[in-house]
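Working notes, beginning with the structure itself.
For ligands, and for the atoms within them, numbers begin at 1 and follow the listed sequence. Quick caveat, the model's predicted, so the values are computed rather than measured. Computed from heavy atoms alone, side chains included, the values below leave out hydrogens, waters and symmetry copies.
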Amino acid sequence: MQDLLQKIEAYKNEISSFSATDDKQVEDFRIKWLGTKGLVKGIMGEMKNVPNEQKREAGQILNEFKQFAEAKFDELKDATSNTVQQTSDIDLTLPGDETPLGSRHPISLMRNQIISIFQRLGFAVAEGPEIEDDWHNFTALNMPEHHPARDMQDTFYVDAGENAAVDWLLRTHTSNTQIREMKKGKLPIRVICPGRVYRNETISARSHCFFHQVEGLYIDENVSFADLKQTLYFFVKEMYGQDVRVRFRPSYFPFTEPSAEMDVSCFICGGKGCNICKKTGWVEILGCGMIHPNVLQNSGINPEKYTGFAFGMGVERPAMLKYGINDIRLFSENDVRFLKQFTSAG
Ligand code: PHE
């Protein structure tokens, strides 16, 4: 019994002072001590040499020893599973690599802002094609062939081959979507139509051959010019603030009658006159009017029963004013130094 106790003491010392730095050493430890031919098993076998009256005590001591060895094994296992981090060069306290976050394009920010204001008034979003036929872009909008108003917008035509049944073009405005929505034949209609449009214009700091518009369309029984004004008043106050003043100037569009252009008091100088508003104190932001009866008729809507209004606004100009951008070409150059400056959600 005395021998046994001494042996256990020696074993315990050996186990205590053992340390491992990798999995292989831990496995060696397991085989040496806890394996089927290991020392723990071996010393357990010595029970048979212990006199009967001491067996109880010896059994307890041996069991404790076995647990001691097993605990050490667990400890070694835990320790080496962390050693990869402890012994390698990785410093877990260093800040991680930054994942670059994208930002929204300023045109998207502006467009989303416009959309969300009209959505609050119950307008749904509708989109139309950028490659359009002559009828939807012009004829149905009260601009038959040879109508002089077609020259108001320099058009890019698509070469669709000699056998093409119709003329294809890049839409010059989002008003084509008005026609497409009306043709669906579901009334009333209350939609806004954001999208890209194309005009054959010389590219400069102030104009580009493509840009963005948001069209608005509302058709129901008894829709009046007062409804149009009220809707646009709401939009302007939400967009530019409660203090902004609004004025309508009579204008001309073939597809609306009467037609108007809407100005807001310059939100840069507050109406005093600056470079942005060319010293007038006003900035033009959209064209609008009551939908011409011919347009309703062309799209299969009875103008005796229904009336409606439409408006169309550019997106680039208000975005340039809002963000202080002085060259329209920046929007399409995709220079990240420019783009990453716009981080606000929207
Ligand atoms: N389509 C016109 C333009 O591009 C704007 C507009 C839309 C005017 C709807 C009146 C009504 O200039």
Can you see whether Phe68 has Lys12 sitting over its ring - NZ or CZ less than 6.0 Å from the centre and within 45° of the normal? yes
Which protein N or O atoms sit under 3.5 Å from any N or O of ligand 1? Give each pair with its distance.
{"unit_1": "ligand 1", "atom_1": "1 (N)", "unit_2": "His173", "atom_2": "ND1", "d": "3.1"}
{"unit_1": "ligand 1", "atom_1": "1 (N)", "unit_2": "Ser175", "atom_2": "OG", "d": "3.0"}
{"unit_1": "ligand 1", "atom_1": "4 (O)", "unit_2": "Arg199", "atom_2": "NH2", "d": "2.9"}
{"unit_1": "ligand 1", "atom_1": "4 (O)", "unit_2": "Gln213", "atom_2": "NE2", "d": "3.0"}

Step through the shown structure and confirm whether more than 12 heavy atoms of other residues, nucleotides or ligands are within 6.0 Å of CG on Asp335. yes
Residues passing the salt bridge (charged side-chain N to carboxylate O under 4.0 Å, His left out) test with Arg247, sequence neighbours excluded, are Asp263
Minimal non-hydrogen separation, Leu109 against Arg104, with atom names: CD2-CB, 3.7 Å
Taking the six-membered ring of Phe18 as reference, does the cationic atom of Lys72 (NZ for Lys, CZ for Arg) lie under 6.0 Å from its centre and within 45° of its axis? no
Using a strict cut-off of less than 4.0 Å between a Lys/Arg side-chain nitrogen and an Asp/Glu carboxylate oxygen, indicate whether Asp22 and Lys24 qualify as a salt bridge. no
